[in-house]
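Notes to accompany the following structure.
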Amino acid sequence: QVQLVESGGGLVQAGGSLRLSCAASGRTFSSYCMGWFRQAPGKEREFVAAISWNGGRTYYADSVKGRFTISRDNAKNTAFLQMNSLKPEDTANYYCAADSRSAVLCGSIRGDYNYWGQGTQVTVSS
């Protein structure tokens, strides 16, 4: 069983930055893909970024490429999402997810991930 807890959300002005954290339980954190998704009101949950077990591969949605950076610290069982140059359209509830069945080829589909956090709200004002 894996438990994920997100933190770091908040209110920020357009152009600002936030860093989200995802603390994971379990001794096998370093062996699987981690991902970030987001969901805005009235919209489907969408892929944001993913990272392989050792950080060697990263994947991003086109909408966040060049602005967001995903990383992980396996010694601390924590994944991060650094968000820069934030836009009002980035406003959403951000979810951390784990795919315990994959280590290298990390998916971008919600169904690829079998563990989810409760989410943290990010609001970007214009």
Side-chain angles (χ1 to χ4, degrees):
Q1 192 74 6
V2 176
Q3 291 187 327
L4 304 173
V5 178
E6 303 95 336
S7 62
L11 173 64
V12 64
Q13 288 188 332
S17 298
L18 281 174
R19 189 191 196 204
L20 305 184
S21 298
C22 173
S25 66
R27 293 175 293 177
T28 58
F29 172 81
S30 61
S31 63
Y32 46 78
C33 290
M34 294 295 298
W36 287 94
F37 287 72
R38 66 186 181 186
Q39 188 168 16
K43 293 188 177 182
E44 295 287 320
R45 191 171 298 188
E46 64 175 4
F47 171 76
V48 175
I51 188 167
S52 62
W53 69 279
N54 64 349
R57 294 191 182 190
T58 57
Y59 309 80
Y60 295 95
D62 288 343
S63 59
V64 307
K65 276 181 185 176
R67 299 189 299 122
F68 290 11
T69 302
I70 189 170
S71 62
R72 65 192 298 162
D73 183 340
N74 287 343
K76 297 182 178 179
N77 278 16
T78 304
F80 304 96
L81 185 68
Q82 178 67 43
M83 305 186 295
N84 299 329
S85 302
L86 282 162
K87 305 175 182 180
E89 51 263 44
D90 294 319
T91 295
N93 204 5
Y94 282 71
Y95 296 89
C96 173
D99 179 1
S100 65
R101 300 159 295 191
S102 182
V104 179
L105 297 178
C106 305
S108 61
I109 300 172
R110 183 176 177 175
D112 291 333
Y113 295 82
N114 51 342
Y115 295 102
W116 292 85
Q118 293 300 307
T120 185
Q121 178 67 35
V122 171
T123 303
V124 184
S125 63
S126 57

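Excluded from the calculations below are hydrogen atoms, water molecules and symmetry mates; all remaining heavy atoms, backbone and side chain alike, are included. We number each residue from 1, following the sequence as shown. Predicted model, so just to flag it, every value in this text is computed and none were measured.
- For residues 74-108, there are no ring-ring contact (aromatic ring centres under 6.0 Å, His included) pairs, not counting sequence neighbours.
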Open item on the list: Before you tell me yes or no, could you show the steps for Tyr59 and Phe47 under side-chain contact (heavy atoms from CB on, under 4.5 Å), namely the whole-Å CA-CA distance, both residues' side-chain angles and the distance that decides it to 0.1 Å?
Closed with: CA-CA 10 Å; Tyr59 309 80; Phe47 171 76; 4.0 Å; yes

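- Residues passing the salt bridge (Lys or Arg N to Asp or Glu O under 4.0 Å) test with Lys43, sequence neighbours excluded: none.
- Of the inter-residue distances, the one linking Thr58 atom OG1 with Arg72 atom CZ reads 12.0 Å to the nearest 0.5 angstrom.
- Identified under the side chain to side chain donor-acceptor pair (under 3.5 Å) test for residues 81-90, with sequence neighbours left out: Ser17-Asn84, Arg38-Asp90, Arg67-Asp90, Gln82-Asn84.
- Counting only residues at least two apart or on different chains, the ring-ring contact (aromatic ring centres under 6.0 Å, His included) pairs with a member in residues 103-122 are Phe37-Tyr113, Phe37-Trp116.
- Linking ILVMFWY residues whenever their side-chain heavy atoms come closer than 4.5 Å, directly or via other members, places Val48 and Tyr60 in the same cluster.
- Judged as a salt bridge (Lys or Arg N to Asp or Glu O under 4.0 Å), the pairs with a partner in residues 92-103 (not counting sequence neighbours) are, in order, Asp99-Arg101.
- Between Ala49 and Leu81, the shortest heavy-atom contact is CB-CD1, 4.2 Å.
- At least one donor-acceptor pair under 3.5 Å links the side chain of Glu6 to the backbone N or O of Gln118.
- Heavy-atom neighbours of Glu46 CD from other residues, nucleotides or ligands within 6.0 Å: above the threshold of 12.
- Atom-to-atom distance recorded for Thr28:OG1 and Trp53:CH2 is 13.0 Å, nearest 0.5 angstrom.
- Residues Leu105 and Met34 do not share a hydrophobic cluster, defined by chaining ILVMFWY side chains whose heavy atoms lie under 4.5 Å apart.
- In this structure, the side chains of Gln121 and Leu11 stay at 4.5 Å or more apart for every pair of heavy atoms.
- Put simply, Val12 and Met83 are part of the same group of oily side chains (I, L, V, M, F, W, Y) that touch within less than 4.5 Å, one to the next.
- Each disulfide (SG to SG under 2.5 Å) pair with one or both residues in residues 52-126, not counting sequence neighbours, appears once here: Cys22-Cys96, Cys33-Cys106.
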